[in-house]
Amino acid sequence: MSKQRYSVPRGTRDILPAESALWHRIEELFRRTVESFGYKEIRTPTFEEVGLFARSIGEDSDIVNKEMYVFQDRGGRTLALRPEGTASVVRAYIEHGLYVTQPFVKFYYITSLFRYERPQAGRFREHHQMGVEAIGSGSPYIDAEVIYLAYHFLDLVRIKEKTLYLNSVGCPICRPRYVEKLKEFLLPVRDKLCEDCQRRVIINPLRVLDCKRETCRELTAQVPPIYDYLCEECSEHFDKLKQLLGKLGVPFQLSPRLVRGLDYYTKTAFEIVSNRLGAQSSICGGGRYDGLVEELGGPPTPGVGMGMGLERVILALEEEIPLDEKLDVFLAFDDEALRDEAFLLLMKLREQGWKADMDYQHKSLKSQLRQANRLGAKYTLILKGNGQTVLRDMQSGVQEEISLEEVMKRLKQI
RNA sequence: GUGGGCGUGGCCUAGCGGCUAAGGCAUCAGGCUGUGGACCUGAGGAGCGCGGGUUCGAGUCCCGUCGCCCACCCCA
């Protein structure tokens, strides 16, 4: 016991069975939901060439600059643990030539992502996201589907206190026009902005709008919203999306300052926030990335997607989600001589599909019952030898002596 | 990277600078019941994150260090 003890690396955690049942349930609900929407699972590697992320997320994004887990493998390749999900999916889409064979695909994934950040409430160095990517359609209907899907899923897990923020960040045609306007507006007051924003004015003026500092907020209060500058195509797309969400009954709030942290977004950008979460309140984020496939070496191909933080979904849960972890039968006996018989019978019960278990610590009958109780067993079957047993209903405490044969018949009916 | 808070058995918590560090939960054994849950009895388990300092004496004060938490930045 005096040996070196180890603990989880900073920002990571163990999910013990007490919690994993809930995780499992949520993942299962997600799978069922997205599959009913026609999405298929894609699994991509946990690490990729750094370049993939640098190129897609943006060279001067925070994620690339200070949050990636970058390492060299023994062959001298520079790799990174994936900090987000979209880049890998798009890479796979291109790598497998899906733009030829299945130009429109709908994928989903449930996986862990890694970012080197200082942990805090709802933020981890390894976190899990459930996400979807629909690649190959520029239709606003698919944007609406993705947003509806996310919103609907959160309804399903009974997260009611949520707000959907919606924005359009334009496209390579209209965004630069707006960015120019923004610069014109911001440059004269540049020295009044916070340090970060002074840099942002040059590198990525849109981010200034997203700054949380009071002074920056005031200074940008008069900035005209991007909507006034969207090109016709973007504007129509955005209008149609808003209209569709309205028809679907998905409430949203326009948020002209919403700029997702990743460079690749075009047109639609959205975020779903829960006020039960603390500072890191965003539980889902997503948007359209019409330039990304091309940026990563594929043909011009539009795409939309979203990612939902599993840890944050769990933190935001308002109600308990019913879990079924009960054991059907616990096998007990008070004479060690019956252990072999019990062991063989146990396997037989399991073969028949029962959730069954028994004692492996060679404990007293009393302890075995205790254990059965702890495991939430519906029944405890106490072997008496000679084919005789006692079947005890753990809920009511009612028990009866019946033959093993009778038990097997009975179990079939339960 | 910056700021603040905290660090006592598996978990939660008490502990004015001074008797062998206290309690609850959990665990284990037993009783009640051949056989669980409620109840009763009993048992095991920490030398107070780590290192140093002050002091006759430190879980209690000081310094450092590590870890955790929260917040900023940013994001799921």
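One P atom belongs to B/C48, the other to B/C11, and the distance between them is 16 Å to the nearest Å. B/G9 and B/A21 have their C1' atoms separated by 11 Å, with the value rounded to a whole Å. For the P atom pair drawn from B/C28 and B/G36, the interatomic distance equals 14 Å after rounding to whole Å. Comparing B/C66 with B/U54, their C1' atoms sit 23 Å apart, to the nearest whole Å. A gap of 43 Å separates the C1' atoms of B/C16 and B/C73, to the nearest Å. Atom name C1', nucleotides B/C32 and B/A26: the rounded distance is 22 Å, in whole Å. B/G10 and B/U35 have their P atoms separated by 32 Å, with the value rounded to a whole Å. Rounded to whole Å, the C1' atom of B/G45 lies 15 Å from the corresponding atom of B/A29.
Listed pair A/Arg123 / B/C70 fails the phosphate criterion, with no side-chain N or O lying under 4.0 Å from OP1 or OP2. Dashed line: the shortest gap from a side-chain N or O of A/Lys363 to OP1 or OP2 of B/A29 is under 4.0 Å. Close to B/G37, at under 4.0 Å from its OP1 or OP2, lies no side-chain N or O of A/Arg374. Dashed line: the shortest gap from a side-chain N or O of A/Lys366 to OP1 or OP2 of B/G36 is under 4.0 Å.
The line from CZ of A/Phe114 to NE2 of A/His127 is 10.0 Å long, rounded to the nearest 0.5 Å. Residue A/Thr46 holds its OG1 atom at 11.5 Å from CG of A/Leu79, rounded to the nearest 0.5 Å.
Comparing B/G34, B/A29, B/G36 by their closest approach to the side chain of A/Asp334 singles out B/G34. Checking B/C32, B/A29, B/A76 against every side-chain atom of A/Ser367, the shortest atom distance belongs to B/A29. Comparing B/G34, B/G36, B/C75 by their nearest atom to the side chain of A/Met394 picks out B/G36.
For residues 110-122 of chain A, proximity to RNA chain B is found at A/Arg115, A/Glu117, A/Arg118, A/Gln120, A/Ala121, A/Gly122, defined as any non-hydrogen atom under 4.0 angstrom from a strand atom.
Rounded to a whole Å, the CZ atom of A/Arg125 is 10 Å from the P atom of B/C69. For the pair A/Arg370 CZ and B/U33 P, the interatomic distance rounds to 15 Å; values are reported in whole Å. Rounded to an integer number of Å, the gap from A/Leu327 CG to B/G37 P is 17 Å. A straight line from CG of A/Leu369 to P of B/C32 spans 15 Å, rounded to a whole angstrom. If you measure from atom CG of A/Leu258 to atom P of B/A76, you get 10 Å, rounded to the nearest angstrom. Atom CD in A/Gln280 sits about 6 Å away from atom P in B/C72, given to the nearest Å. Protein atom CD of A/Glu400 is 19 Å distant from nucleotide atom P of B/G34, rounded to whole Å. For A/Ile272 and B/C75, the CD1 to P distance is 17 Å, given to the nearest whole Å.
Base pairing analysis places B/U35 opposite nothing; no Watson-Crick or G-U wobble pair with both distances below 3.5 Å involves it. The pairing partner recorded for B/G7 is B/C66, the criterion being a Watson-Crick or G-U wobble arrangement whose two distances lie under 3.5 angstrom. Pairing of B/A21, defined by two Watson-Crick or G-U wobble distances under 3.5 Å, is not identified with any nucleotide. In this structure, B/A71 forms a base pair with B/U2, meeting either the Watson-Crick or the G-U wobble geometry with both donor-acceptor distances under 3.5 Å. Here B/A29 sits opposite B/U41 as a Watson-Crick or G-U wobble pair (both hydrogen-bonding atom distances under 3.5 Å). Of all nucleotides present, none satisfies the Watson-Crick or G-U wobble test against B/U55 with each distance under 3.5 Å.
The aromatic rings of A/Trp23 and A/His128 sit perpendicular to each other, their planes meeting at more than 60°, with 30° as the lower class boundary. Ring geometry for A/Tyr148 against A/Phe37 counts as tilted: the plane angle lies between 30° and 60°, on a 0 to 90° scale. By the 30° and 60° cut-offs, the orientation of the rings of A/Tyr99 relative to A/Tyr93 is tilted.
By the 4.0 Å N-to-carboxylate-O rule, A/Lys348 lies too far from A/Glu351 to be salt-bridged with it. Using a cutoff of 4.0 Å between basic side-chain nitrogens and carboxylate oxygens, A/Glu117 and A/Arg123 are scored as salt-bridged. One finds a salt bridge joining A/Asp357 and A/Arg350 here, because a Lys/Arg side-chain nitrogen approaches an Asp/Glu carboxylate oxygen to under 4.0 Å.
Taking for each of A/Gly309 and A/Lys384 the nucleotide of RNA chain B with the nearest heavy atom, the 5'-most of the two is the partner of A/Lys384. If A/Asp393 and A/Leu277 are placed on RNA chain B by their nearest nucleotide, the residue sitting closer to the 5' end is A/Asp393.
Taking 90° from 0 as the syn/anti boundary, the base of B/G42 is oriented anti.
Counting atom types as modelled, A/Gln368 pairs no side-chain N or O with a base atom of B/U35 as donor and acceptor under 3.5 Å. Contact of A/Arg13 with B/C68 (side chain to base): no donor-acceptor pair of N or O atoms is detected under 3.5 Å. Scanning atom types as modelled, one donor and one acceptor separated by under 3.5 angstrom connect the side chain of A/Asn373 and the base of B/G36. A donor and an acceptor atom sit less than 3.5 Å apart, one in the side chain of A/Arg392 and one in the base of B/G36.
Within the 4.0 angstrom heavy-atom criterion, no nucleotide atom of any strand lies near A/Gln361. At a threshold of 4.0 angstrom between heavy atoms, the contacts of A/Gly131 with the nucleic acid are absent. Within 4.0 Å of A/Ile382, counting heavy atoms only, lies at least one base atom of the nucleic acid. Across all strands shown, A/Glu84 has no heavy atoms under 4.0 Å from either base or sugar-phosphate atoms. Using a 4.0 Å heavy-atom distance criterion, A/Phe124 is classed as a base contact.
Among A/Arg91, A/Arg77, A/Arg55, A/Arg82, the single residue meeting the salt bridge (Lys or Arg N to Asp or Glu O under 4.0 Å) criterion with A/Glu48 is A/Arg91.
Between A/Tyr289 and A/Glu295, the side chains place no donor N or O within less than 3.5 Å of an acceptor N or O (distance only, hydrogens not considered).
Of the possible donor and acceptor atoms, one in the side chain of A/Ser274 sits under 3.5 Å from a partner among the backbone N and O of A/Arg276.
Stacking is found between A/His127 and the pyrimidine-like six-membered ring of the B/A76 base under the 5.5 Å centre-distance and 30° plane-angle cut-offs.
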